[in-house]
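Below is one structure, written out as structure tokens, with a few remarks after it.
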Amino acid sequence: LYQGNPTSTTYETYGIYQTTTASNINIENNIIYCARGGNGDNYVLYFNATASDIYSNNNVLYTDTTGTNNYIGYYSGNKVGLGSWQNANTPAFDSLSLYEDPFFLNLAAGDLEPNSININDLALPIAGVVTDYNGITRSNPTDHGAIEFDVVPNDVAVIAYVDPVSTGDCQLSATDTISVIVKNNGSAAATAFSLSYSIDNGTPVTQAFSGFSLATNESDTFTFTTTANLSASNSYDIEVIATYTGDADATNDTLGTTV
């Protein structure tokens with residue numbers, strides 16, 4: 001569960017909100033990630049009714065925001081960190097839960113598949129839950145959240161364009177720089193790969209990049225030394241492809257845009 005809107009500046013936000021007295025509430029094996037900006041109170045879990053029968057455990061709980069009032073939970077008061085939340089009740093809420101960034105593969109594109117080695121295969125199987133959201137058989141031990149995942153050693157992804165962007169023909173020139181952001185989705189550090197760009201399906205321009213080190217889930221901007229001639233008053237289809245030895249996922253190696 002991702003509750004996001006980092007630009008919001010007011011009002012309260014809740015990952016899970018429980019309000020009236022109830023029984024048999026089980027919150028298990030979830031990923032609950034709250035990201036809100038501003039001064040509004042931001043709660044991963046909010047349990048308003050202390051008389052409720054609630055079991056909450058084996059979850060991944062996370063707040064990542066520029067806001068000022070961020071809480072793991074509310075139970076007879078605000079609880080700032082996971083330790084404070086675990087001490088709020090007996091038996092403890094979320095005694096086996098984790099405070100970790102799940103590192104979703106691509107939030108901007110709506111890809112909420114986790115990619116953190118710190119939470120991989122650390123959830124406990126739940127009887128009757130044998131497949132994930134995509135119909136993939138659950139492993140044992142299983143993964144938190146709706147999607148089963150594995151962090152492969154080698155996988156880089158071209159995730160965004162830095163330059164050029166679609167700002168109108170008057171912004172383009174005969175010597176336009178091509179820059180993209182590449183993210184390392186693998187568990188091993190990425191230290192060398194090649195990038196190629198083509199304009200309107202023309203001859204690719206390929207450049208080898210090395211002398212860097214991208215850790216797991218780290219990203220950086222890479223710029224081609226060979227510029228592109230985009231001076232004509234046209235639209236241009238640009239495609240960038242990453243080539244990485246042992247890359248386990250080819251589906252995220254290519255990114256296209258039109259300027």
Just how far is it from atom [atom1] of [X] to atom [atom2] of [Y], taken to the nearest 0.5 Å?
| X | Y | atom1 | atom2 | value |
| --- | --- | --- | --- | --- |
| Asn59 | Glu100 | CG | CD | 13.5 Å |
| Leu214 | Ser219 | CG | OG | 7.5 Å |
| Ser97 | Glu28 | OG | CD | 9.5 Å |
| Asn87 | Lys79 | CG | NZ | 9.0 Å |
| Asp155 | Asn184 | CG | CG | 7.5 Å |
| Thr216 | Ile117 | OG1 | CD1 | 5.0 Å |

Which pair of heavy atoms, one from [X] and one from [Y], lies closest together, and at what distance?
| X | Y | value |
| --- | --- | --- |
| Gly81 | Ile72 | C-CG1, 3.6 Å |
| Tyr236 | Ile199 | CD2-CG2, 3.7 Å |
| Leu255 | Ala160 | CD2-N, 3.4 Å |
| Val44 | Cys34 | CA-SG, 3.7 Å |
| Asn120 | Phe149 | OD1-O, 2.9 Å |
| Asn185 | Val151 | O-CG1, 4.0 Å |

Under the side-chain contact (heavy atoms from CB on, under 4.5 Å) criterion, do Asp176 and Thr227 qualify, and how do the steps go? CA-CA 5 Å; Asp176 264 300; Thr227 58; 5.8 Å; no
side-chain contact (heavy atoms from CB on, under 4.5 Å) between Asp143 and Asp121: does it pass, once the steps are laid out? CA-CA 5 Å; Asp143 288 315; Asp121 290 337; 3.2 Å; yes
Check whether any side-chain heavy atom of [X] sits under 4.5 Å from a side-chain heavy atom of [Y], and report yes or no.
| X | Y | result |
| --- | --- | --- |
| Thr243 | Asp253 | no |
| Ser231 | Ser173 | no |
| Thr254 | Glu239 | yes |
| Asn134 | Ile147 | yes |
| Tyr46 | Thr19 | no |
| Thr206 | Leu195 | no |
| Val152 | Asp249 | no |
| Leu98 | Asn118 | no |

Within one Ile-Leu-Val-Met-Phe-Trp-Tyr cluster: [X] and [Y], side-chain cutoff 4.5 Å:
| X | Y | result |
| --- | --- | --- |
| Ile241 | Val180 | no |
| Val182 | Phe212 | yes |
| Ile25 | Phe93 | yes |
| Val205 | Phe209 | yes |
| Phe103 | Ile32 | no |

Any donor-acceptor N/O pair, [X] side chain to [Y] backbone, under 3.5 Å:
| X | Y | answer |
| --- | --- | --- |
| Arg138 | Ile126 | no |
| Asn42 | Ala35 | no |
| Tyr75 | Leu45 | no |
| Asp200 | Asp237 | yes |
| Tyr2 | Gly110 | no |
| Ser52 | Ala22 | yes |

Hydrogens and angles aside, do [X] and [Y] bring a side-chain donor and acceptor to less than 3.5 Å of each other?
| X | Y | value |
| --- | --- | --- |
| Asn115 | Asn217 | yes |
| Asp94 | Ser56 | yes |
| Asn70 | Tyr43 | no |

Just wondering, more than 12 heavy atoms not from Asn201 lying within 6.0 Å of its CG?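 No, CG of Asn201 has 12 or fewer neighbouring heavy atoms, counting only those of other groups under 6.0 Å.
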For Tyr55, does the OH atom sit with more than 12 other heavy atoms under 6.0 Å from it, leaving out its own atoms?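 Enclosed.
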Worked verdict on Asp163 versus Thr177 for side-chain hydrogen bond (donor to acceptor under 3.5 Å, both in side chains): CA-CA 6 Å; Asp163 193 56; Thr177 299; 4.7 Å; no
Asn229/Thr175 under side-chain contact (heavy atoms from CB on, under 4.5 Å): CA gap, chis, key distance, verdict: CA-CA 5 Å; Asn229 185 351; Thr175 55; over 6 Å; no
Between Phe193 and Phe222, ring centroids under 6.0 Å: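 Here the rings of Phe222 and Phe193 have centres that are less than 6.0 Å from each other.
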Do Phe47 and Tyr17 have ring centres separated by under 6.0 Å?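 Between Phe47 and Tyr17, the centre distance exceeds or equals 6.0 Å.
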Can you name the one residue among Tyr33, Trp85, Tyr62 that meets ring-ring contact (aromatic ring centres under 6.0 Å, His included) with Tyr99?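 When ring-ring contact (aromatic ring centres under 6.0 Å, His included) is applied between Tyr99 and each of Tyr33, Trp85, Tyr62, only Tyr62 qualifies.
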Are the charged groups of Glu218 and Lys183 less than 4.0 angstrom apart, N to O?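 Here Glu218 does not pair with Lys183 in a salt bridge, since their nearest N and O are not under 4.0 Å apart.
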Ile27, Leu124, Leu96 screened by side chain to side chain contact (heavy atoms under 4.5 Å, CB included) with Asn57, the one that passes: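 So, applying the side chain to side chain contact (heavy atoms under 4.5 Å, CB included) to Asn57 and each of Ile27, Leu124, Leu96, only Leu96 qualifies.
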Derivation and outcome, side-chain hydrogen bond (donor to acceptor under 3.5 Å, both in side chains), residues Gln207 and Ser194: CA-CA 6 Å; Gln207 181 174 337; Ser194 294; over 6 Å; no
